[in-house]
Amino acid sequence: MKPVLLIAINFVREQRWPIFVLLLWVLLLAVLGLAANIPRDREDLLFVFKQVSIYVVAFSIFFGGSAIYSERKSRRILAVLSKGVSRQQYLSGLVLGVTIACGIYCFALGLTGSWTLGEAGFPMLQVWFLMACLVAACMLAGTVALMFSTFLNPFFAAGATALVLGLPALAGQTVAPRWADAIPVYSLVAIVLRSSYRFPGRAVWFPILLALVEMLIFWALSAQIFWRVDIAVAVE
Amino acid sequence: MVAALEFVAVSKIYRGFGARQLQALNDFSLRVEPGEIFGFLGPNGAGKSTAIHLAMGFMRPTSGYGRMLGTPFGNARTRRRVGFLAENVALYHRRAERLVRFYGALSGMGGPSLSKRSREVLELVGLESQSNRNVGKFSRGMLQRTGCAQALVNDPELLILDEPTSALDPLARVAVRELLLHSRAQGKTIFLSSHLLSEVELICDRVAVINRGQVVRLGRTADLLHCADRIKISARHISAQSFEESSEENGVVTFSVPAGSERATLERVWNLGGEIVSVNPLRRSLEDIFVEATSAPVSMDQGMVQ
């Protein structure tokens, strides 16, 4: 467990600038909360909150999709995997790192959201449920991206991830709504997007649990692929 | 006795787009005994780094197998007993001591012993005064020394070093050389890949030269350098033209003769009025052996097969 934690913390440290840039959006929401007349501008605040929420899912794909590629390209992965670290532990560390990075963002957003939206009449507990949905969506999206990053460059990994996450959403819109739950990133994001002051939604835990289970499946798949990869050769 | 490192009929083919393939190792077999410093030589593209990466488990062989400290290549638990320094070392940008501690912790170390050991190894590589500086601001030589420190932090039984002194100044090279000799004295095994033949000649117990993915020379360094069938004679007060393939430096003429004919040659020198300076078995340099072993013409697309 210790190597996993070390790799995760190291990942967050290496991604500190993208995380900082992400947190600027939360700061924007906080500034808006300070500057706005909350009862009057509450719909605008909710809109900004939802918009800022979505960014973290995109960033999780970016984090996951570029993690292994950049380590292999810089050859820093060699020093790490020359130690007593198995490839599964390395992948677990990256998944945990993506989760921590997104968790930091969601925590900051949750704090700001519960202050601004809470003052505007949005149930504070529901804000934290929405953050839980986002973290679960990020974990799943990040793991799928990480799986593709074991053998693709970040551009193709992001594209392939978008396809894998987008197809069930498309099927949910066109064939039957339950298809959207096949890979529930869209379902989880939709919970955030559909929330409103009148219908803030209720805490439905099934998509979160499903996302966690699928994350484990994709992690196992990633480990199987990564085990076969020649890591000393850079992906181009 | 369990070999420190063992390759058995290992082949490695890199597959590219289409039908292009590159055979990096071809039926490669090698055994490194515990407690020796083993020199691993070969021209660029010979397959040295591929062999090292296979041993570390960074890639898998196309065929054949290998063992490191008695377990198959790629075993994470075994790697805790191994130190590795890659060619063109790449490390995270953070303070040197913290970085070494990070790599030590990845090897399962922890607590005050790790902090103590991190300081010790930084001192060993001469970076104790730089331990609080960010590695990102280090010169290439300092980076390589930091790489050596991270390889040594877990006090490994087996050290695998890929070009450990290529960026070091002469003083630092001497320090690393002494470090390796000290490690051997402690019973550790060192697998050293290097292009610095003089260095390999000085410290390695055994040497393997590989070319085109196969071992082309293997043996004890002393045996390889010793040339039993010729004797080197140096003499003064004679003309260099008196003997074939002789050279003259500061009035001393040096030439070699087949073993067994030295007595007759010495008498000839004396008859010419010369004075013998030295008579020794001819000793070749590792460079001679390297050139001889790898002198087969190599094209730029060496190893490419369709």
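The structure presented is a predicted model; accordingly, all values stated were derived computationally and were not measured. Residue numbers start from 1 in every chain, and the chains themselves are labelled A, B, ... in the order their sequence lines are given, proteins ahead of strands.
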To the nearest 0.5 Å, what is the distance between CG (B:Leu54) and OG (B:Ser49)? 11.0 Å
Could you give the distance from CG (A:Leu146) to CD1 (A:Ile61), rounded to the nearest 0.5 Å? 12.5 Å
So, does B:Arg79 use its side chain to make a donor-acceptor pair with the main chain of B:Val82 at under 3.5 Å? no
Quick check for you: among B:Leu91, B:Asn88, B:Thr78, which has the greatest number of heavy-atom pairs under 4.5 Å with chain A? B:Leu91
Partner of B:Thr62 by side chain to side chain contact (heavy atoms under 4.5 Å, CB included), out of B:Val10, B:Ile13, B:Asn26, B:Leu25: B:Ile13
Please flag which part of B:Arg60 lies under 4.5 Å from any non-hydrogen atom of chain A: side chain, backbone, both or neither. both
How about residues 107-119 of chain B versus chain A: which residues have heavy atoms under 4.5 Å apart? B:Ser107, B:Met109, B:Gly110
Within a 6.0 Å radius of atom CZ on A:Phe156, are there more than 12 heavy atoms belonging to other residues, nucleotides or ligands? no
Under 4.5 Å from any heavy atom of chain A, what part of B:Arg94 do you find: side chain, backbone, both or neither? both
So, B:His195 versus B:Asn44: side-chain donor-acceptor pair below 3.5 Å or not? yes
So which residues of residues 144-152 of chain B are in contact with chain A at a heavy-atom cut-off of under 4.5 Å? B:Gln150, B:Ala151
For B:Ala86, is it the side chain, the backbone, both, or neither that has a heavy atom closer than 4.5 Å to a heavy atom of chain A? side chain
Distance from B:Thr189 atom OG1 to B:Arg81 atom CZ, nearest 0.5 Å? 10.5 Å
Below 4.0 angstrom, N of the basic side chain to O of the carboxylate: do B:Lys48 and B:Glu87 qualify? no
